[in-house]
Amino acid sequence: MSTHETDRDHDHDAELQARLRALPDQRTPPADGWARLAAQLPPREAATVAVEQADNVVALPQRSRLRGWLPLGTALAASLAVYAVAPWRQAPLQAPAPSTLQLQAAAMTEQYQQAVASLPGGRAAAWQPALHELDESAAQIRAALAQDPRAPHLLGQLKRTYALRLELTRQAAQAAAAGMTT
């Protein structure tokens, strides 16, 4: 761009600004503007019927959607509060009935304790850590059986552990009677 062209643009700026200042601040649309626009549009029957019926329709104030859900939400919250607070509505928690495997394990434990009690009381001190380890294993198996009452392999493992414990107890009693410690 040359300086001559920019000078010509500046000459028009003052003229343009004067013309812009001469324009009115606000321009109001003509009163019959919509009617003139509707006359220029092609006729539509549905629109005409809607316009005719719109004269006798009363517009209602628009309601918030949240307001319609408020009573329902309040009722739900109140019913949940009553259910949580009222202990007489809740059934008492009952322990489940022991399974067949748990009953068998209890019977096996009782038989084992009777068998251990019938053995001679002399025990060698060297055998006690092994006996204690087998007792711990039996307790762990019983705890696992309480957690999973439908595990037959645990009942078999408990039976083997009790058999080992009884055999070790017999050997310890024989060793104590013979005077051996190992």
Side-chain angles (χ1 to χ4, degrees), residues 20-21 23-118 128-169:
L20 287 173
R21 283 189 204 110
L23 290 174
D25 289 337
Q26 289 187 350
R27 198 167 167 198
T28 58
D32 63 342
W34 290 112
R36 286 190 311 175
L37 182 62
Q40 293 176 0
L41 292 174
R44 287 180 29 192
E45 290 183 29
T48 317
V49 172
V51 170
E52 289 175 12
Q53 290 178 354
D55 292 340
N56 61 5
V57 174
V58 177
L60 295 175
Q62 204 168 23
R63 290 178 51 179
S64 155
R65 288 186 177 196
L66 176 66
R67 200 164 159 208
W69 288 98
L70 187 62
L72 180 63
T74 304
L76 180 63
S79 63
L80 287 175
V82 168
Y83 182 75
V85 173
W88 49 269
R89 298 289 293 169
Q90 298 173 357
L93 297 175
Q94 296 177 355
S99 70
T100 307
L101 292 177
Q102 287 175 320
L103 292 174
Q104 289 175 351
M108 189 183 307
T109 301
E110 188 176 326
Q111 290 172 356
Y112 158 75
Q113 289 172 348
Q114 289 174 355
V116 168
S118 68
Q128 292 306 314
L131 293 172
H132 180 69
E133 184 69 28
L134 286 172
D135 288 339
E136 292 277 328
S137 294
Q140 290 175 354
I141 293 169
R142 284 193 308 269
L145 193 59
Q147 286 181 345
D148 188 8
R150 294 181 289 172
H153 67 281
L154 291 175
L155 187 63
Q157 186 65 34
L158 184 63
K159 184 177 182 178
R160 286 188 293 277
T161 304
Y162 282 158
L164 282 172
R165 173 66 162 88
L166 282 173
E167 181 60 31
L168 194 60
T169 304

Nearest-0.5 Å distance that lies between atom [atom1] in [X] and atom [atom2] in [Y]:
X: Ile141; Y: Arg160; atom1: CD1; atom2: CZ; value: 8.0 Å
X: Gln114; Y: Gln111; atom1: CD; atom2: CD; value: 7.0 Å
X: Leu131; Y: Leu164; atom1: CG; atom2: CG; value: 11.0 Å
X: Ser137; Y: Arg142; atom1: OG; atom2: CZ; value: 10.5 Å

| query | Does a sphere of radius 6.0 Å around CD in Glu167 hold more than 12 heavy atoms from other residues, nucleotides or ligands, not counting ones at 6.0 Å or beyond? | reply | yes

Minimum heavy-atom separation for [X] to [Y], with atom names?
X: Met108; Y: Lys159; result: SD-CA, 3.5 Å
X: Ala130; Y: Leu168; result: CB-CD2, 3.5 Å
X: Ala138; Y: Leu158; result: O-CD1, 3.8 Å

Note to self: Determine whether Tyr162 and Leu134 satisfy the following criterion, side chain to side chain contact (heavy atoms under 4.5 Å, CB included), listing intermediate values before the conclusion.
What the structure shows: CA-CA 8 Å; Tyr162 282 158; Leu134 286 172; over 6 Å; no

Taken in chain and number order and not counting sequence neighbours, the residues that satisfy side-chain hydrogen bond (donor to acceptor under 3.5 Å, both in side chains) with Gln113 are none

Residues passing the side-chain contact (heavy atoms from CB on, under 4.5 Å) test with Ala151, sequence neighbours excluded, are Asp148, His153, Leu154

For residues 96-104, which side-chain N or O atoms pair as donor and acceptor with protein atoms under 3.5 Å away, sequence neighbours left out?
from	atom 1	to	atom 2	distance (Å)
Ser99	OG	Gln102	N	3.3
Ser99	OG	Pro149	O	3.1
Gln102	OE1	Ser99	N	2.9

> Under 3.5 Å, is there a donor-acceptor pair linking the side chains of Arg165 and Thr169?
Replying inline: yes

